[in-house]
Amino acid sequence: MASSSKANLAEQDEGEEAEEIEHFNDFTLASSWERFISEIEATCRQWLADGPKRLLEKGAVHLDSSDNIYKVKSELKNAAKIYSMEYYFEISGKIADWNCTLHDLQLCFGVKEFLVISPQSASGVVLDAPEATKLLSAVSIALANCSSLWPAFVPVHDPSRKAFIGIQNMGTIFTRRFEADRIGSQVPIKFMHLEGLYELFVSKFAYCMSDHSMHLFRVHLLMKLTYQTLSNDEDNYDDIQEADTENAESETSPGCGNPNRKHWDDDCPWNEWYSAEDPVMRFDLVVTWSEKVVESSLEMAEMENASPHEAEKWILAPNLYPNLDSSKGDRIGFASQLHLLVNALEMSFEAPFIEDFVSVENPGSDNLESTMVIPPPTVLDRVLKDLFLEDPQLPDFAKDEHKSSRAIKGAPVESLFAQFCLHSLWFGNCNIRAIAVLWIEFVQEIRWHWEESQPLPKIPANGSIDLATCLINQKLQMLAICIGKKRELNEEFEDCIGTKDDASANMEKMQEVNKVGDESSSFHARSQAFDEKRDSLLTPEGFKGSKTVESKFSANAQDVHSADKSTLDSIRRGSAGPVGSMKLLKLCQSLHAPFTQSAPLMTEDMHEERLRAIETFGFSFNFSAQLERETLSSDMSAFKAANPGAVFEDFIRWYSPRDWENDESEAKGPSTDLTEGMNVDWPPQGRLSRRMSESGNFWRKIWDEAPILPASEQKPLLDPNREGEKILHYLETMQPHQLLEQMVCSAFRASADTLNQTNYGSLKEMDTKMDQLYLTMASTLRPLQVNLLSNTSDTIEDLQRLCVVFEHVEKLLILAASLHRRFRQVPRISEAIFSNYYNFYLPTMGIGLADVDTQKEFDMKLQPSQNERQVVSNMFTPPTANQSWRKVLSMGNHLNGHEPILREIIFSMHDNASDNHYASSSHRDYQQDTETYRMYTCGTSNDLRVALSIISYD
């Protein structure tokens with residue numbers, strides 16, 4: 001018995017162990033589908049527990065297409081397939097408006113946060129319908145176990161159809177189901193119009209109504225239309241077609257274009273040098289109607305004929321070209337060419353002469369020939385003709401000049417050398433060989449003008465030299481003056497020949513002219529051709545009067561009476577008039593101011609040569625007189641001719657009043673009125689200053705040697721032949737780097753001055769950037785202005801960075817000009833768009849354009865006011881005949897003949913849950929208005945997408 005009982009107990013224990021093992025096997029033998037649901041549930045519970053803030057800390061990914069949507073991702077495995085489940089959520093609790101950037105599923109179904117589960121495959125969609133249904137059921141069960149109300153979606157069908165199916169547990173006996181699909185072509189004509197779309201929506205629920213034929217359904221409707229202006233390519237389509245034949249014929253003639261074709265920047269200042277691509281590709285106009293309740297298809301037909309001006313809200317969005325924010329090497333402008341000019345400057349140190357870059361005997365010519373191309377002679381001739389084309393009216397060199405432009409030591413934009421620099425930017429792609437060829441031909445053309453005494457174009461021959469410009473421009477200004485004086489010599493010679501019929505008389509006149517020419521080619525100018533003294537001593541304000549008292553000048557009566565009586569009878573020559581009541585010291589006659597020659601003009605290098613001479617020999621009174629010997633001698637000769645019998649002291653009283661010391665009564669200073677306090681007593685009292693009284697004074701020596709000649713009979717202080725040849729020698733023998741340094745300064749200044757002429761309205765940000773650009777150029781180009789550049793200098797890198805800054809400003813300015821042209825009548829819009837883009841673009845302006853993040857796109861939406869709508873509407877110009885046949889108008893709501901490129905409509909049906917036959921009396925929490933049906937349509941006449949959501953009873 002004992003043994004049998006023990007055996008029974010052993011069998012019982014074994015049975016209990018077997019039951020325990022069998023219970024464990026039940027769990028491990030769960031189907032893969034159940035484990036898949038359990039894995040989905042665990043993931044969803046974890047996301048629910050974390051919440052949006054915690055998910056952000058764990059690395060939720062922000063969507064680029066939206067400002068407020070994030071997602072987290074988890075991989076799930078079911079059998080041999082791997083699925084990806086993504087949870088999309090928002091941070092703010094505010095419901096986003098459909099004018100904002102929404103996720104595609106948010107827009108289609110009106111949801112806020114949702115799940116998307118899809119297979120990890122090439123297509124990313126579930127192609128098998130049973131698999132899609134089973135997958136959606138698994139997610140639905142998992143969400144129900146979590147008590148989650150998240151909607152879940154599964155992508156199905158072909159990816160191009162953007163089709164989805166979805167489900168959402170409403171927490172009650174209701175379940176919302178989703179379905180979306182797309183027709184990519186051959187949209188039925190019925191669905192091209194609002195009436196057909198309305199009937200499509202009604203058909204989704206009218207079948208369940210017993211009185212649907214008599215019932216007026218209150219359908220809520222929201223509509224948004226998107227219009228798009230024609231891009232530049234589309235707008236110029238007709239011109240391109242018409243120009244094809246002309247372009248084919250003009251291929252044999254370089255530089256010819258279609259003169260009838262209109263480009264957007266034809267009247268912009270930079271258009272003379274290059275044509276810029278319009279940075280504004282097009283504008284999108286989104287027109288939104290407020291929610292309406294429609295009860296019949298007839299109302300939909302009326303709404304299709306409504307004007308967009310009747311819409312509640314307009315949203316304008318500029319669409320800029322993607323490469324506006326980046327440098328892809330395909331943008332041509334001043335900045336790109338200036339960069340090439342800086343490269344040419346760097347190469348200019350490789351040879352001592354300009355001709356070395358052209359000569360084939362140069363050791364580095366093989367490398368130059370392989371990389372640098374010289375344009376054909378026809379292009380060279382066209383450039384030279386444009387440079388030396390005579391303009392009867394000189395341009396205004398100071399017109400539209402920036403206040404900081406003169407801080408850059410270059411040439412004015414309209415001057416001859418500045419135009420040469422601008423042409424060089426586009427000649428042969430601005431390589432050093434092309435620049436050398438153009439410069440050699442340019443100097444040869446200047447020599448021809450000199451030898452033929454032809455005036456230089458684009459150079460004012462006003463007798464002045466602007467020392468604030470570069471040295472080459474100063475030389476050209478002086479050469480223009482020399483040519484003018486040389487022409488006067490030739491005219492005088494011809495006049496002399498024409499007045500003599502006798503051959504001998506002609507010969508004598510020619511000998512006289514030749515004799516004058518041998519004496520440094522002087523000429524006799526009329527007294528009216530001479531300017532007054534540069535120190536304004538001849539003007540009434542410059543006259544110095546003194547009171548007449550008893551003279552302390554030591555003069556014997558014998559000296560006075562010994563004056564040659566013939567002097568009194570001498571003819572006064574070259575007088576500009578008496579100087580107040582001043583009298584000569586030895587003769588009781590009025591002191592006359594003479595006409596004098598203008599001081600000889602000097603360029604910057606001539607001034608520097610004088611300064612170096614002073615530094616070498618030291619500054620002294622006599623040395624200063626030696627430097628001014630020719631001018632002093634000329635003035636003294638003219639003074640003697642205008643004042644016969646005058647002495648050296650008379651000249652000092654007029655020329656340098658500080659060196660004439662009056663007595664105490666006159667030491668009080670000159671009177672403001674030239675005649676006030678003046679006395680006609682004679683002789684005046686006073687004496688020379690100490691420096692003028694010293695023995696061996698150089699001024700007195702010059703006075704003694706100066707002949708009595710009026711200015712009209714003197715040899716000119718400026719020898720045009722000598723100075724002209726010196727200038728040409730400088731231009732022909734200057735070193736390449738000296739030329740390129742001045743070209744760089746002038747090219748930057750001329751390019752900036754050209755852009756500164758652009759009319760972009762009152763954009764304060766643009767004004768600030770232009771001011772900063774000029775200041776940056778002045779500081780960066782300063783080493784080039786003082787000849788501190790070398791081939792190892794860091795200035796080249798600074799110039800390259802300056803080119804980057806210039807390109808940033810140039811792009812902003814072209815955008816500002818484009819916006820101003822469109823919104824000239826409503827500047828608020830252009831200012832708002834430019835300010836927004838400026839803030840978007842500003843962070844990239846401190847770095848190179850190659851480092852700009854091109855992934856981030858400019859996105860802005862602006863709401864025009866009622867007064868601004870007409871200007872916005874005018875941008876949609878009526879299509880031409882050629883454009884009309886290319887576009888078949890199949891939709892309504894036209895704007896100036898343009899149909900919307902996209903039409904979005906949200907239909908919705910609201911029912912009271914208590915009135916619905918699905919409702920139950922036990923669910924009193926849902927006795928409210930519920931959106932039972934919703935349909936979103938999006939598309940055009942050739943493309944239609946429909947998304948439907950329906951609440952059904954489980």
Side-chain angles (χ1 to χ4, degrees), residues 65 99 101 224-241 261-266 268 275-288 308-309 311 313-326 328 330-331 760 811-812 814-826 828-838 840-841 854 856-864 868-880 882-884 886-889 891 893-904 938-943:
S65 59
N99 286 319
T101 305
K224 181 173 70 173
L225 304 179
T226 302
Y227 299 89
Q228 196 173 79
T229 60
L230 295 177
S231 64
N232 293 326
D233 296 337
E234 296 173 336
D235 201 12
N236 294 330
Y237 179 81
D238 297 335
D239 296 335
I240 295 174
Q241 295 294 328
R261 184 174 179 182
K262 181 73 174 177
H263 200 262
W264 80 274
D265 63 346
D266 282 347
C268 293
S275 181
E277 184 181 32
D278 192 347
V280 181
M281 182 166 55
R282 61 175 63 92
F283 280 91
D284 294 339
L285 176 63
V286 179
V287 178
T288 306
H309 288 275
K313 183 185 295 184
W314 281 24
I315 300 294
L316 185 66
N319 195 341
L320 307 182
Y321 274 99
N323 62 343
L324 180 64
D325 308 329
S326 62
K328 299 182 179 179
D330 55 351
R331 293 185 63 86
Y760 51 78
K811 289 181 178 181
L812 286 176
I814 294 176
L815 174 62
S818 177
L819 294 174
H820 178 68
R821 291 168 61 87
R822 287 178 167 87
F823 304 105
R824 195 184 304 268
Q825 299 178 357
V826 283
R828 185 193 72 87
I829 295 181
S830 61
E831 292 173 4
I833 296 176
F834 182 81
S835 178
N836 196 290
Y837 182 80
Y838 179 82
F840 166 80
Y841 190 62
T854 59
K856 187 177 180 181
E857 296 182 359
F858 174 69
D859 184 21
M860 178 196 176
K861 293 178 174 61
L862 177 70
Q863 183 173 350
E868 297 169 339
R869 286 190 178 186
Q870 186 59 46
V871 176
V872 175
S873 176
N874 293 339
M875 292 194 304
F876 296 85
T877 56
T880 62
N882 189 28
Q883 294 166 347
S884 298
R886 289 189 293 114
K887 291 186 177 182
V888 181
L889 301 180
M891 303 166 61
N893 305 113
H894 295 161
L895 178 61
N896 294 343
H898 294 260
E899 68 176 9
I901 64 165
L902 186 65
R903 179 173 59 189
E904 300 174 78
C938 170
T940 63
S941 58
N942 298 320
D943 189 354

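- The minimum heavy-atom distance linking Tyr841 with Lys811 is given by the pair OH-CD, 4.0 Å.
- To the nearest 0.5 Å, the span separating OG1 on Thr940 from CD1 on Ile901 amounts to 9.0 Å.
- Taking the six-membered ring for Trp, Phe834 and Tyr837 have ring centres at least 6.0 Å apart.
- Checked against the 6.0 Å centroid criterion, the rings of Phe823 and Phe283 qualify as a close aromatic pair.
- Every residue two or more places apart in sequence or in another chain was checked for a ring pair (Phe, Tyr, Trp, His ring centres under 6.0 Å) with Tyr760, and none qualifies.
- Residues satisfying the salt bridge (Lys or Arg N to Asp or Glu O under 4.0 Å) criterion with Arg869, sequence neighbours excluded, are absent altogether.
- Ring planes of Trp314 and His309: tilted class, angle from 30 to 60°.
- Checked by atom type and distance alone, the side chain of Arg821 never pairs as donor or acceptor with a backbone atom of Ala816 at under 3.5 Å.
- Counting heavy atoms from C-beta on, the side chains of Ile833 and Met860 come closer than 4.5 Å.
- You'll find the side chain of Asp284 stays beyond 4.5 Å of the side chain of Thr229, heavy atoms only.
- Shown here are the salt bridge (Lys or Arg N to Asp or Glu O under 4.0 Å) partners of Glu868, two or more places apart in sequence or in another chain: Arg828.
- Not a single side chain to side chain donor-acceptor pair (under 3.5 Å) links Ser830 to another residue, sequence neighbours left out.
- The distance from atom CD1 of Ile814 to atom SG of Cys268, rounded to the nearest 0.5 Å, is 8.5 Å.
- In this structure, the side chains of Pro900 and Thr226 stay at 4.5 Å or more apart for every pair of heavy atoms.
- Every residue two or more places apart in sequence or in another chain was checked for a salt bridge (Lys or Arg N to Asp or Glu O under 4.0 Å) with Arg824, and none qualifies.
- Residues Val280 and Arg282 fail the side-chain proximity criterion, which asks for heavy atoms closer than 4.5 Å.
- With a 6.0 Å radius and a threshold of 12 heavy atoms from other residues, nucleotides or ligands, Gln825 has its CD atom at or below the threshold.
- Atom CG of Asp265 and atom OG of Ser818 lie 9.5 Å apart (nearest 0.5 Å).
- Proximity of Leu285 to Ile315: side-chain heavy atoms (C-beta onward) are nowhere separated by under 4.5 Å.
- Within the 4.5 Å cutoff, the side chain of Leu225 has no heavy atoms near those of the Thr288 side chain.
- Electrostatic pairing of Asp278 and Arg822 counts as a salt bridge here, judged by a charged N lying under 4.0 Å from a carboxylate O.
- Side-chain contact between Phe858 and Asn836 is present, with heavy atoms from C-beta onward closer than 4.5 Å.
- With sequence neighbours excluded, the residues forming a salt bridge (Lys or Arg N to Asp or Glu O under 4.0 Å) with Asp859 are Lys861, listed by chain and number.
- Side-chain contact of His898 with Asn896: a donor-acceptor pair under 3.5 Å is absent, judged by distance alone.
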Q: Could you walk me through whether Lys224 and Val286 pass side-chain contact (heavy atoms from CB on, under 4.5 Å), step by step?
A: CA-CA 7 Å; Lys224 181 173 70 173; Val286 179; 3.3 Å; yes
